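Contents: one structure, followed by commentary.
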Amino acid sequence: MPNGLAYLMLAVWPLVTLVMFRRWPIERALIWSLLGAYMFLPPPPAAFDFPLMPPLTKESLPSVVTFAICLYHYGRQAPLLPRGRVARVLVLLFIFSPVATVLGNMEPVFYGSIGLPALGLKDMVALVLLQFILILPFLMARQILASPQGLRELVGALFVGGMIYSLPMLLEVRLSPQLNIWIYGYFQHNFEQMIRDGGFRPIVFMYHGLWVAFFTVMAITCAIALAREADGRRRIILIGAALYLGLVLVLCKSLGSLIYGIYLAPLALLLPVRMQLRIAALMALVAISYPVLKGAGLVPVDWILEQAGRASPERANSLRFRLDNEDILMERAYLKPLFGWGSWGRNHILNPFTGIIETVTDGRWIILIGIYGWVGYMAEFGLIALPILMLWINSRRLARDDLSPLLGPVALLLAVNLIDMLPNATLTPLTWLFAGTLLGLAEKMRDQSPSRKRHGPLGWRPVM
């Protein structure tokens with residue numbers, strides 16, 4: 001169980017956030033209020049759980065606090081919702097589709113003598129609030145970070161955060177994952193999953209070692225993105241930092257993230273921005289289409305398992321287990337395809353005698369389809385993919401010099417995050433920050449004219 005320090009850190013973070021906003025530019029304060037919490041606050045089960053509210057964790061609490069500070073101190077000078085009709089519809093569906101989910105699940109579910117409760121009004125309120133809190137980083141990033149300065153702050157913060165985090169990561173590689181136990185009094189996951197290839201993979205203060213590895217991929221990509229626009233000695237330093245983080249990534253012992261890093265590094269460093277956006281758009285479309293392609297038998301499952309088996313029989317067995325569970329859960333989801341089964345584990349298969357959940361949901365996509373149905377799935381994956389697609393379409397209207405060299409690598413990183421949400425549930429506040437920033441930039445790109453180029457960034461500004 002979490003110790004007193006874990007809850008104290010959660011309680012103190014709003015004050016830390018307020019200090020950030022008073023001392024730093026709004027862009028930097030927004031980024032580090034969420035990034036710092038994601039890196040160092042205690043992970044679940046440490047949370048404040050109030051009635052009719054989703055638990056306030058290291059991800060949700062900073063979002064609520066940051067949003068409240070922005071509203072109170074800066075006022076809202078731009079619409080909270082996106083300007084585009086498609087994006088606006090997706091946001092509203094994302095937040096309010098749980099209403100239809102609850103209305104379609106107002107009866108208990110039984111597995112033999114084991115029953116799961118019906119959903120009611122309190123579940124409706126809690127799920128809508130959860131969705132609203134979850135999307136707050138997206139909405140704030142679209143308003144505050146949608147400028148060259150905001151994008152550079154975001155990329156720079158992820159790079160610096162990765163360099164800082166590499167130190168406790170290396171410590172856990174050497175000593176085993178112990179930091180969360182030493183500081184917060186508990187281990188946040190299954191320790192056996194942190195043992196790999198005769199050693200350990202780091203977890204630090206995140207939910208799983210896979211999250212740490214993917215965070216390292218983000219930092220590497222951001223270092224390379226910064227190197228693209230740097231000159232001389234600074235470029236050499238950034239490339240050296242990317243190589244160092246690449247070594248740390250190898251020590252994370254996560255094959256998937258290592259593949260992402262090897263794939264992203266040359267694309268982010270060498271390709272022109274338009275080509276990067278085109279590849280990112282293709283990846284986003286593949287990610288969104290995955291459930292349909294898998295259902296139609298167009299995903300080469302046997303070939304994928306064969307390739308995984310060549311790399312490691314252990315990883316191949318793990319992947320086969322995930323894919324088998326996806327098939328079982330999809331059959332369950334087809335019974336309520338539009339708005340899903342809702343919460344309380346109703347999307348799972350339970351043992352009719354013990355009540356123990358017998359299925360495992362690893363990928364974010366199968367979690368969404370099971371809980372919120374196809375509507376919820378398309379709303380979330382659509383909101384993350386839409387900025388990439390809009391950037392690709394709108395970039396063709398601009399001259400090459402008008403495209404920031406940071407755009408392409410960030411779009412590629414967001415697209416890879418979408419791909420990784422198929423086998424894993426690696427949706428984090430950082431995902432939403434990238435998506436919101438790119439959507440705001442895509443909106444500006446669509447409306448860009450010589451007069452608009454002279455305007456400042458769209459977003460909250462201090463009210464004088």
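We count residues from 1, following the sequence as given. All figures in this text were calculated on a predicted structure; none of them were measured in a lab.
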- Query: Looking at OG of Ser166 and OH of Tyr244, how far apart are the two atoms once the value is rounded to the nearest 0.5 Å?
  - Reply: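 With rounding to 0.5 Å, OG (Ser166) is 2.5 Å from OH (Tyr244).
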
- Report the distance from atom CD1 of Ile371 to atom CG of Asn105, rounding to the nearest 0.5 Å.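 Interatomic distance, Ile371 CD1 to Asn105 CG, rounded to 0.5 Å: 11.0 Å.
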
- Message: Under the criterion side chain to side chain donor-acceptor pair (under 3.5 Å), I'd like the reasoning laid out for His348 against Glu358: C-alpha separation, chi angles, the key distance, then a yes or no.
- Response: CA-CA 7 Å; His348 283 279; Glu358 295 183 334; over 6 Å; no

- Assess whether salt bridge (Lys or Arg N to Asp or Glu O under 4.0 Å) is satisfied between Arg152 and Glu27, documenting all intermediate values. CA-CA 10 Å; Arg152 189 170 292 107; Glu27 295 88 354; over 6 Å; no

- Message: What I want to check is whether the side chains of Tyr260 and Asp420 have a donor and an acceptor closer together than 3.5 Å.
- Response: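 Yes, because at least one side-chain N or O of Tyr260 sits under 3.5 Å from a partner of the opposite role on Asp420.
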
- State whether a side-chain donor-acceptor pair under 3.5 Å links Gln178 with Ser176.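 Distance-only check passes for Gln178 and Ser176.
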
- Message: Applying salt bridge (Lys or Arg N to Asp or Glu O under 4.0 Å) as the test, list every pair that has at least one member in residues 338-347; sequence neighbours left out.
- Response: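 Checked against salt bridge (Lys or Arg N to Asp or Glu O under 4.0 Å) - neighbours excluded - the pairs reaching residues 338-347 are Glu107-Arg346.
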
- Task: Any pair with a residue in residues 197-221 that passes salt bridge (Lys or Arg N to Asp or Glu O under 4.0 Å), sequence neighbours left out, goes on the list, sorted by first then second residue, please.
- Result: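 Pairs touching residues 197-221 that pass the test: Asp197-Arg315.
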
Can any side-chain N or O of [X] pair as donor or acceptor with the backbone N or O of [Y] at less than 3.5 Å?
{"X": "Asn3", "Y": "Ala6", "answer": "yes"}
{"X": "Lys336", "Y": "Gly373", "answer": "no"}
{"X": "Glu59", "Y": "Ala37", "answer": "no"}
{"X": "Tyr372", "Y": "Leu338", "answer": "no"}
{"X": "Glu443", "Y": "Pro82", "answer": "no"}
{"X": "Gln188", "Y": "Met206", "answer": "yes"}
{"X": "Ser97", "Y": "Phe339", "answer": "no"}
{"X": "Asn325", "Y": "Phe321", "answer": "yes"}
{"X": "Lys58", "Y": "Phe40", "answer": "no"}

Is there a side-chain contact between [X] and [Y] (heavy atoms, below 4.5 Å)?
{"X": "Leu210", "Y": "His208", "value": "yes"}
{"X": "Ser289", "Y": "Val286", "value": "no"}
{"X": "Phe96", "Y": "Leu127", "value": "no"}
{"X": "Phe67", "Y": "Leu80", "value": "yes"}
{"X": "Ser63", "Y": "Pro137", "value": "yes"}
{"X": "Val91", "Y": "Ile135", "value": "yes"}
{"X": "Phe138", "Y": "Leu439", "value": "yes"}
{"X": "Ile203", "Y": "Asn180", "value": "no"}

- Task: Could you walk me through whether Asn424 and Arg322 pass side chain to side chain donor-acceptor pair (under 3.5 Å), step by step?
- Result: CA-CA 10 Å; Asn424 301 307; Arg322 294 186 182 197; 2.7 Å; yes

So which atom in [X] and which in [Y] form the shortest heavy-atom distance, rounded to 0.1 Å?
{"X": "Leu154", "Y": "Phe434", "answer": "CD2-CD2, 3.6 Å"}
{"X": "Gly150", "Y": "Ile31", "answer": "O-CD1, 4.3 Å"}
{"X": "Tyr184", "Y": "Tyr186", "answer": "O-CD2, 3.2 Å"}
{"X": "Ser257", "Y": "Leu249", "answer": "O-CD2, 3.7 Å"}
{"X": "Trp341", "Y": "Ala333", "answer": "NE1-CA, 4.2 Å"}
{"X": "Leu418", "Y": "Ala287", "answer": "CB-CB, 3.9 Å"}

- Verdict with supporting geometry, Thr66 and Ser33, side chain to side chain donor-acceptor pair (under 3.5 Å): CA-CA 7 Å; Thr66 302; Ser33 66; 3.0 Å; yes

- Item | Aromatic plane relationship, Tyr207 with Trp211 - under 30° parallel, 30 to 60° tilted, over 60° perpendicular |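 Ring orientation, 0 to 90° scale: perpendicular.
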
For residues 213-223, dump all side-chain donor-acceptor pairs below 3.5 Å to protein atoms at least two apart in sequence or in another chain.
residue: Thr216; atom: OG1; partner: Val212; partner atom: O; Å: 2.9
residue: Thr221; atom: OG1; partner: Val217; partner atom: O; Å: 2.9

- Query: Below 4.0 angstrom, N of the basic side chain to O of the carboxylate: do Glu380 and Arg364 qualify?
  - Reply: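 Looking at Arg364 together with Glu380, the answer is yes, because their closest N to O distance falls below 4.0 Å.
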
- side chain to side chain donor-acceptor pair (under 3.5 Å) evaluation trace for Asn417 with Thr431: CA-CA 7 Å; Asn417 199 166; Thr431 309; 2.6 Å; yes

Measure centre to centre between the rings of [X] and [Y], then say whether the value is under 6.0 Å.
{"X": "Trp365", "Y": "Tyr290", "answer": "yes"}
{"X": "Tyr38", "Y": "Phe205", "answer": "no"}
{"X": "Phe94", "Y": "Trp432", "answer": "yes"}

- Query: With a cut-off of 6.0 Å (strictly less than), are more than 12 heavy atoms of other residues, nucleotides or ligands near CZ of Arg88?
  - Reply: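 Buried by this count: over 12 neighbours within 6.0 Å.
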
